[in-house]
Amino acid sequence: MIYLDNAATTRPCAAATEAALNALKENFFNPSALYRQATEVKNAIEESRSAIARQLACKSEEIFFTSGATESNNWAINSGFKNKRGNIVITKGEHPSVYEPAVFLRGKGVDVRIAPLTSDGKADETALVSLVDENTSLVSVIHASNETGALNDIFALAEKVKQKNPTVVFHSDGVQAFCKTPAVIGASKIDLYSISAHKIGGIKGVGALFVRKGLNLSPLLLGGGQERKYRSGTENVPSIIAFGKAVNSFDTEKASKMYDYAINSLKNIPNAVINSRSADSTKFIISVGIKGIKSEILQHMLSDKGVLIGLGSACSSKNRGNRVLEAMGVQRDYIEGNIRISFSPDNTLEEIGSAMKIIKSTVSEFRSRINE
Ligand code: PLP
């Protein structure tokens, strides 16, 4: 099997699995208890928090564990939208876990403004800043697109937005960027940053939200007071401990070689367009639209041959569109045949070479079948 759907999820790395198993079998104590064994579990959680904080160059106490980035994003949108007044600005490139909470608020009468994308999949910065005014409470801009890997310069954007309105809470969904591109969040103007463990060799069901110290965010869950009273509930200890191990083990070295190799091969497929267009995209995701092919069928044909790739996310099961690609102006034919190839440090250049040959031959096979 050649697994190239790492933007959907990754295989947990060895260090993460080992740490999680140890926490399940041996260090199962409740970190809130006061005996030594429990304190050791608490310390292991804090080590994990520190590993994440080092990666984001922020303070450990600014990291709050959640059940994943969907939760982090929902928390950020709902709580970042202070006093439920004014307006919110997001982009057409947001993941559903930002887009849907914003659309939900719009349904409740909130003024939600949605900035367009440029043809290379980035937020249109000028349009976005022009949507911000003195009544804007929250701006949310995805860091790396889960569809195309396009990177937004969230650091410059946060500066520009705050020049216009210093009271704005600036959130970014950093799931597909975390560990893959430098993110010095601590020294930036970003207030909230969401991350998830299972995209970087951690375990599903744990994520975190960076909350800038001093920001008046409402608690997500009330109860026993865990996560410094912001997110109560007994901690998901095995996954949290594994998260830190995954951060420390993530290796970006091979990614650009694999990316360059794959993109050059995919460019040679006739009637295919690369939707990962900008030179500074993350080196972990390639989106390619192949004309005349239904991507689900191609996905099945490839999986039969041992190559697992992803699809761009559809707007809904009824609608075969894709909001992000549509916002980039990609033609319908290429959206229907859009596939997403995404890497992890587990992949090798040899695997990419084999997968590219299989993808090319499968596309030819598919096309010759429909022309019969
Ligand atoms: N944001 C982005 C950009 C993602 O790619 C994903 C996962 O697909 C999420 C948020 C949701 O993360 P989780 O699976 O941890 O809820």
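In listed order, ligands and their atoms are each counted from 1.
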- [ ] Starting from atom 15 (O) of ligand 1, find the nearest protein heavy-atom neighbour and note its residue, name and distance.
- [x]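 Looking only at protein heavy atoms, the one closest to atom 15 (O) of ligand 1 is Ser196 OG, 2.6 Å.
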TODO: List the closest protein heavy-atom neighbour of atom 7 (C) of ligand 1: residue, atom name, distance to the nearest 0.1 Å.
DONE: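 Residue, atom and distance for the closest contact: Lys199 NZ, 2.7 Å.
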Judged by modelled atom types alone, do [X] and [Y] share a side-chain donor-acceptor pair under 3.5 Å?
X: His198; Y: Thr9; value: yes
X: Asn347; Y: Glu351; value: yes
X: Asn87; Y: Thr136; value: yes

Task: Glu71 N/O to ligand 1 N/O under 3.5 Å - done: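 No, Glu71 has no N/O under 3.5 Å of an N/O on ligand 1.
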Task: Sub-4.0 Å heavy-atom contact, Gly207 with ligand 1 - done: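 Outside the 4.0 Å threshold, so no.
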- [ ] Give a yes/no on ligand 1: does Lys204 have at least one heavy atom closer than 4.0 angstrom to it?
- [x]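 Per 4.0 Å heavy-atom rule, Lys204 does not contact ligand 1.
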Within reach of ligand 1, part of [X] (heavy-atom separation under 4.0 Å):
X: Asn146; result: side chain
X: Val98; result: neither
X: Ala69; result: both

Open item on the list: Can you see whether Phe65 has Arg231 sitting over its ring - NZ or CZ less than 6.0 Å from the centre and within 45° of the normal?
Closed with: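 Negative - Arg231 is either too far from the ring of Phe65 or too far off its axis.
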Open item on the list: Treating Asp124 as the side-chain partner and Thr118 as the backbone partner, does any N or O pair qualify as donor plus acceptor under 3.5 Å?
Closed with: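 Flag not set: sc Asp124 to bb Thr118 has no pair under 3.5 Å.
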Task: Atom CD of Glu18: over 12 foreign heavy atoms under 6.0 Å - done: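 Counting other residues, nucleotides and ligands, CD of Glu18 stays at 12 neighbours or fewer.
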